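Predicted model, so just to flag it, every value in this text is computed and none were measured.
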Amino acid sequence: MEALFDLSGIGSRLLTFFSGQAPRLMVVAGFLLCFVLAERICGRDWRKYARRGARTDGIYTLLALTGLYSLVFWLPVYGVLDKLLTAILPALPLELTHSWPPALQLGAFLIAGDFFAYWTHRAMHASPSLWAFHSIHHSQVEPTVLTSYRFHFVDTLLLNFVFFAVSRFLSLPVATWLLVMGIVELISCLQHANLDWGYGPLDSVLISPRYHSIHHSLAAEHRDRNFAMLFSFWDRIFGTAVEARRLPAAYGVAGDDIPEAFFSQMVLPFDRLRRTMRGE
């Protein structure tokens, strides 16, 4: 048991982690600026960035891009999860893609990771306990590129663990893992941009901002639809796809009053679970 919770390697991982934050911050910030400018060029209302909801998203974004969100909520348990996963499934890593070319490793991880992320995302909506946390992401009524970072840390832990477990199962090199997570991050930012963009024939494969906007729609017919995170064909295969002809008229969580304050959003799900357990 002591070996399982040996965190002696976390210091070196922290050093490695922060050494890579500066270039990542510059690259992602550059893409965010491009997406915001695209919103402006396309005539979208960019005054929403001055409103309280966007300022709350800005806190999530700042904490994520500087690495502080990961430092507080992800890295401290990384070593524990690593050893726990090995203890539960001692055959890992199975080296399934060890001899594959990097391009094939990347493709395999994107498809496998997105498959499990799709079902994890569906579970977040189906389970009242998980929804208590995931509803924070859906509470934004004026989505922007910054909304892609509005995730409760429990959501972040769960999704990161899914990708982490898949990477271990495939014995993915660290460099490929970092590249994939960077791709996922940028695609997520574009998906949440206030842009009425579709990808034409590629909509049957990739998720556009217009397609993902349906997932955040307040309309009853759009509820629990378009779960996929990278590849839209998962929704089509499993019957959760809704074709997007235009952006929704309204966004948010129906009948749910979630405060627009970062710390309140961190505490609220735990308070709701406590009340549920007490039968209140």
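Taking the six-membered ring wherever Trp is involved, the centroid distance between the rings of His216 and His138 falls below 6.0 Å. For Tyr118 and Phe238, the distance between ring centers is under 6.0 angstrom. Aromatic rings of Tyr60 and Phe262 (six-membered ring for Trp) have centroids within the 6.0 Å cut-off, being under it.
Distance OG/Ser208 to CD1/Ile187: 12.0 Å, rounded to 0.5 Å. Note: Ser232 OG to Glu243 CD = 8.0 Å, rounded to the nearest 0.5 Å.
A ring-ring contact (aromatic ring centres under 6.0 Å, His included) with His121 holds for exactly one of His215, His212, His137; it is His215.
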For ring pair (Phe, Tyr, Trp, His ring centres under 6.0 Å), just list the numbers for Phe133 and Phe153, CA-CA rounded to whole Å, side-chain angles, deciding distance to a tenth of an Å, and then say yes or no. CA-CA 8 Å; Phe133 299 100; Phe153 73 85; 7.4 Å; no
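At distances below 3.5 Å, not a single donor-acceptor pair connects side-chain atoms of Ser188 with backbone N or O atoms of Val184. Without hydrogens or angle criteria, His192 side chain to Val145 main chain gives no donor-acceptor distance under 3.5 Å. No donor-acceptor distance shorter than 3.5 angstrom exists from the side chain of Arg55 to the backbone of Tyr49, with no hydrogens or angles considered. Side-chain atoms of Gln265 come within 3.5 Å of backbone N or O of Pro259 as a donor-acceptor pair. In this structure a side-chain-to-backbone donor-acceptor pair under 3.5 Å is present from Arg44 to Asn194. Looking only at distances, a side-chain donor or acceptor of Asp203 sits under 3.5 Å from a matching main-chain atom of Tyr199.
Summarising the local packing, CZ of Phe233 is surrounded by more than 12 heavy atoms from other residues, nucleotides or ligands at distances under 6.0 Å. Around the CZ atom of Arg236, the shell of radius 6.0 Å holds more than 12 heavy atoms that belong to other residues, nucleotides or ligands. More than 12 heavy atoms of other residues, nucleotides or ligands shown are found within 6.0 angstrom of CH2 on Trp119. Surrounding CZ of Arg246 are at most 12 heavy atoms belonging to other residues, nucleotides or ligands under 6.0 Å away. Atom CZ of Phe115 is surrounded by more than 12 heavy atoms from other residues, nucleotides or ligands within 6.0 Å.
Residue Leu247 is not grouped with residue Leu206 when hydrophobic side chains (ILVMFWY) are merged at heavy-atom distances under 4.5 angstrom, including chains of intermediate members. Both Val36 and Tyr149 are part of a single hydrophobic cluster, where members link through side-chain heavy atoms under 4.5 Å apart. Under a hydrophobic clustering in which Ile, Leu, Val, Met, Phe, Trp and Tyr are joined whenever their side-chain heavy atoms come within less than 4.5 Å, directly or via other members, Phe116 and Ile111 fall into the same cluster.
Side-chain contact check for Leu62 versus Ile59: every heavy-atom pair is 4.5 Å or farther apart. Between Ile136 and Asp155, the closest side-chain pair of non-hydrogen atoms is not below 4.5 Å.
Ion pairing between a basic and an acidic side chain is recognised when a charged N comes within 4.0 Å of a carboxylate O; Glu142 and Arg150 show no such pairing.
A side-chain donor from one of Asp235 and Thr240 sits under 3.5 Å from a side-chain acceptor of the other. In the model, Tyr211 has no side-chain atom that pairs as donor or acceptor with a side-chain atom of Gln191 under 3.5 Å.
Among all heavy-atom pairs drawn from Ser148 and Cys189, the shortest one is OG-SG, 3.4 Å. Pairing each heavy atom of Val166 with each of Ala112, the nearest pair is CG1-CB, 3.9 Å. The shortest heavy-atom contact between Phe109 and Ser167 is CE1-N, 3.6 Å. Residue Arg52 comes nearest to Ala261 through the heavy atom pair NH2-CB, 3.9 Å, listed as atom of the first residue, atom of the second, then distance. When all heavy atoms of Asn226 and Val242 are compared, the closest pair comes out as OD1-N, 2.7 Å. Nearest heavy-atom pair across Pro248 and Ser213 is CD-OG, 3.2 Å.
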